[in-house]
Amino acid sequence: DQQVKQNSPSLSVQEGRISILNCDYTNSMFDYFLWYKKYPAEGPTFLISISSIKDKNEDGRFTVFLNKSAKHLSLHIVPSQPGDSAVYFCAASSTLTGNQFYFGTGTSLTVIP
Amino acid sequence: DTEVTQTPKHLVMGMTNKKSLKCEQHMGHRAMYWYKQKAKKPPELMFVYSYEKLSINESVPSRFSPECPNSSLLNLHLHALQPEDSALYLCASSQVSQAVGNTIYFGEGSWLTVV
């Protein structure tokens with residue numbers, strides 16, 4: 001059973017515009033959420049995270065929003081750059097399960113120059 | 001640059017071979033992981049070591065044998081693999097923490113092809 005879902009397998013955005021990647025989860029015990037970026041033939045790189053006590057976390061061009069009532073989070077990239085083209089995975093964990101991380105299926109972002 | 005280092009980056013092995021994947025981290029993390037990833041799929045957890053002891057084995061076939069010689073090293077021994085085991089094998093590490101905010105960091109992966 002997929003506890004973390006990314007329903008959009010792909011997304012294309014023009015350079016300079018906003019990219020919005022979405023993620024939904026089903027387990028209300030999740031209290032920490034992470035986004036990873038993955039280039040082909042490389043391991044996932046940690047991008048940004050948010051704990052459940054917050055609803056927004058910002059780091060440069062990347063902002064993650066968390067809506068606990070909807071069990072939904074999103075990653076905003078502004079402005080989008082061609083180098084952002086990659087697969088983005090969201091992940092979730094719970095302090096109850098410690099070192100278990102649950103990953104979404106990924107969204108492939110293409111930023112068009 | 002990732003602080004989790006995996007070797008080799010690419011490995012081709014026959015179904016009767018014995019080989020090993022190696023992973024090293026120097027972040028002082030006491031939890032280390034092996035994940036398997038196929039194209040267009042999320043990372044799939046295989047094993048978790050906490051304080052050098054195996055804490056999670058996600059029903060992985062015995063042809064995969066993990067080993068954690070010390071707090072910085074993690075190995076994955078491979079024997080009698082099948083072609084369907086061909087994938088990207090990812091090592092990762094994190095704190096062993098029950099607190100919120102525990103982040104997992106991945107290595108660049110080892111591409112395994114079984115012929």
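The chains referred to below are lettered A, B, ... by the order of the sequence lines, with proteins before strands, and numbering in each begins at 1.
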Are [X] and [Y] connected, step by step, through hydrophobic side chains (Ile, Leu, Val, Met, Phe, Trp, Tyr) whose heavy atoms are closer than 4.5 Å?
X: Val114(B); Y: Trp111(B); result: no
X: Tyr88(A); Y: Ile48(A); result: yes
X: Leu78(B); Y: Phe47(B); result: yes
X: Leu66(A); Y: Ile18(A); result: no
X: Val4(A); Y: Leu109(A); result: yes

Query raised in the report: Pro42(B), Ala31(B), Cys91(B): which one forms the most heavy-atom pairs within less than 4.5 Å of chain A?
Result: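 Highest number of heavy-atom pairs under 4.5 Å: Pro42(B).
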
Let me know if [X] has heavy atoms under 4.5 Å from chain A in its side chain, its backbone, both or neither.
X: Ser50(B); result: side chain
X: Gln6(B); result: neither
X: Leu90(B); result: side chain

**Report entry** Nearest-0.5 Å distance, CD1 of residue Ile56(B) to CD of residue Gln100(A)
**Finding:**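 Interatomic distance, Ile56(B) CD1 to Gln100(A) CD, rounded to 0.5 Å: 3.5 Å.
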
Could you check whether atom [atom1] of [X] has more than 12 heavy atoms from other residues, nucleotides or ligands sitting under 6.0 Å from it?
X: Lys19(B); atom1: NZ; answer: no
X: Met29(A); atom1: CE; answer: no
X: Arg17(A); atom1: CZ; answer: no

Requested in this report: Compare every heavy atom of Phe101(A) with every heavy atom of Thr103(B), then report the nearest pair and how far apart it is.
Outcome: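 In terms of heavy atoms, the two residues are closest at C-CZ, 4.4 Å.
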
Report task. Would you name the heavy atoms of Asn102(B) and Tyr32(A) that are closest together and state the gap between them? Result ->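 Heavy-atom minimum between the residues: O-CE2, 3.3 Å.
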
Requested in this report: Step by step, work out the side-chain hydrogen bond (donor to acceptor under 3.5 Å, both in side chains) result for Tyr105(B) and Thr45(A).
Outcome: CA-CA 7 Å; Tyr105(B) 296 91; Thr45(A) 301; over 6 Å; no

Are the side chains of [Y] and [X] in contact, using a 4.5 Å heavy-atom criterion?
X: Ile104(B); Y: Phe46(A); value: no
X: Lys41(B); Y: Thr105(A); value: no
X: Lys9(B); Y: Glu42(A); value: no

Query raised in the report: So, for Tyr102(A) and Tyr35(B), is the gap between ring centers shorter than 6.0 Å?
Result: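 Not under 6.0 Å, so no.
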
**Report entry** Qualifying residue for ring pair (Phe, Tyr, Trp, His ring centres under 6.0 Å) with Phe106(B), from Phe103(A), Phe89(A), Tyr39(A)
**Finding:**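 Of the listed options, the one satisfying the test is Phe103(A).
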
